[in-house]
Structure formats: structure tokens, C-alpha cells
K.L.:
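A single structure is presented below for examination.
Note on naming: letters A, B, ... go to the chains in the order of the sequence lines (proteins, then strands), and numbering restarts at 1 for each one. Side chains included, hydrogens not; waters and symmetry mates left out as well; all remaining heavy atoms used.
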2 protein chains.
Amino acid sequence: MVKSQLNEVFAALADPTRRAMLADLARVPSLTAGQLAEPHSMTLPAISKHLAVLERAGLLTRTRRGRHQICSLNPRPLREAADWLSRHERFWTERVDALHDYLVKETP
Amino acid sequence: MVKSQLNEVFAALADPTRRAMLADLARVPSLTAGQLAEPHSMTLPAISKHLAVLERAGLLTRTRRGRHQICSLNPRPLREAADWLSRHERFWTERVDALHDYLVKETP
DNA sequence: GCAATACTTTACCGTGTGGTTAAGAGTCAG
DNA sequence: CTGACTCTTAACCACACGGTAAAGTATTGC
């Protein structure tokens, strides 16, 4: 039932505008579409599309209140994405540690 | 210098074939392109493109050894992606906890 | 040298993304 | 009822993605 969605979630995260929106929603629990649009120099239709992408990924729920569109974050798919990453983290860490000596000169 | 790359990394993660490849490389430190292709019913050019995407994202390094292309995982960009997620994790967690009672019947 | 192996590159195709402008739809204020 | 406000939808564009088949490039084995 809760089919993967990982594709959509990672795809949604691949755009800086959408990451900024998610970051905004992490700070303020609910924002209107206009408020989410404001920091970005972009037309409203573009914003609306980004919201649609976030909604399809299950990251966002939109509800009309009067003439405002209230957007709020649904963090569960983000947790799924983080889980996918941490599921393999042990292996990376081992390798990162192994590389540390090797790379220490490149990363002061 | 280590310019964001987050876009490319998340975009790379948005495809199940590429996630499977990364998972394979997390288990086995280095594999040939052919070995990476084998589990997927897909032509080699398609595989080659996926490898190129992973390479552009900085997740993969390819080196020729004889007529084999040796692929190995570079986990650092993955760690950056995980960092982005965990940077906001606190907020999600609060909200997830708040939702827990509400959703507990749906997630046994 | 020749053929097989192991890929990669080059078109090509259909679909989706990220953006625009222009028009539409729903809601509140007077 | 009329506007003004807050978005969304529709139409369009250029470009990238994910796949294919066909041709090209190295490299190894005989």
C-alpha cells in the first residue's frame, strides 16, 4: 500500500527550490503558497508545479483555507529516504574511515 | 570548491536501478560494468548511462583495467545527502512523534 | 592478424522537468 | 455585482532522462 515513493521523494529533493521550500516548512509548520513563493524569484505557476511535485512525493499536503492554499510538511517520506541512506551507511563509514588517511591532505 | 552536487546526488538516487547499483557497490567494493549490469534486464548502453549519471554525481569512480571497467563507490556525496536530511531531522521527528498516536493504527 | 569480449558513443524516441505567459476559477471586500 | 486577491490550469518551449538499436573503440586470446 505504502508503495515505495522513494523515486519521487529523491527526485523531489533533487531541486534546490524544492529543498528550500521543505526547509521553510521545517521551520514554520504551515505556509501559504504565496509565502513559499516569496523568497524565490520565480513566477507563481512555477511554484505551483514545484508544490505539485512535492505533493506527489507525499511530502506536502495542501488544504484550501479561504482563498489561501495552506501547505504543510509531511515528514514521513523524508524519513524513508533517510532510512535508505542509513541502511547502507555502515559500509560507507567503513570506507570513508579507510580513505581518511588517504584523503586527509585534500580535505584540510 | 566542493560545489553543492546535492542536486546531482539526489537525482542519481531517484532511480531504482542506480540505487540497486549503489547497494551492490556497498556490498562489494569494486565491480565491473558488466557485473553491475547483470542483475538488471537492460541493455548495456542503458547501464552505461546510469554509470555516467552516478559518476557525474561524484558517487562512482571508473577506471579501466584491461578491457574491464572497474567501478567503485565514492560514499562522500551520499554522506552529504544524509547530512542534508539529518539537518532537518529534528523538526520531522518532533512532528512524527506528534503524529505517532494519530497514525499508530495504520502502522502496526 | 583476427575474432571475441567488454564496453562506450551516437543517433533516435517518447516522456517528464522547469520555466514562461495568458487565461481561468474560487474567495473576500465594498 | 464588481473588483481585487490567490492561486491553478493550459499551452508552449527547450532540454534532460531512460530506454533502444547500431556502430565504434579498446583489449585479450589464439
K.L.:
Return yes if some donor-acceptor pair links the side-chain N/O of A/Arg18 with the main-chain N/O of A/Ala11 below 3.5 Å, else return no.
P.N.:
yes
K.L.:
Give the rounded distance in Å between these two atoms: CG of A/Leu60 and P of D/dC7.
P.N.:
13 Å
K.L.:
Show the nearest heavy-atom pair for residues A/Arg56 and A/Gln5, with the distance to one decimal.
P.N.:
O-NE2, 3.7 Å
K.L.:
Tell me: CG of B/Asn7 to P of C/dT17, nearest whole Å?
P.N.:
15 Å
K.L.:
So which atom in B/Leu59 and which in B/Pro77 form the shortest heavy-atom distance, rounded to 0.1 Å?
P.N.:
CD2-CB, 3.8 Å
K.L.:
Quickly work out the A/Glu38 CD to D/dC5 P distance and round it to whole Å.
P.N.:
16 Å
K.L.:
Under 4.0 Å between a side-chain N or O of B/His50 and OP1 or OP2 of D/dG19?
P.N.:
yes
K.L.:
Identify all pairs in which a protein N or O lies below 3.5 Å from an N or O of nucleotides 6-15 of chain C, and state each distance.
P.N.:
from	atom 1	to	atom 2	distance (Å)
C/dA6	O3'	B/Arg67	O	3.4
C/dC7	OP1	B/Gln69	N	2.9
C/dC7	OP2	B/Gly34	N	3.0
C/dC7	O5'	B/Gly34	N	3.1
C/dT8	OP1	B/Arg62	NH1	3.0
C/dT8	OP1	B/Gln69	NE2	3.2
C/dT8	OP2	B/Ser48	OG	2.5
C/dT8	O5'	B/Ser48	OG	3.4

K.L.:
Of all the heavy-atom pairs spanning B/Asp24 and B/Pro39, show the shortest one and how long it is.
P.N.:
OD2-CG, 4.1 Å
K.L.:
Counting only side-chain nitrogens and oxygens, does B/Thr43 get under 4.0 Å of the OP1 or OP2 atom of D/dG19?
P.N.:
no
K.L.:
Applying side chain to side chain contact (heavy atoms under 4.5 Å, CB included) between A/Leu60 and each of A/Leu73, A/Asn74, A/Leu25, report the one that passes.
P.N.:
A/Leu25
K.L.:
Between D/dC17 and B/Arg56, is there an OP1 or OP2 to side-chain N/O distance shorter than 4.0 Å?
P.N.:
yes
K.L.:
Measure the distance from CG on B/Asp15 to C1' on D/dG19 and round it to the nearest whole Å.
P.N.:
11 Å
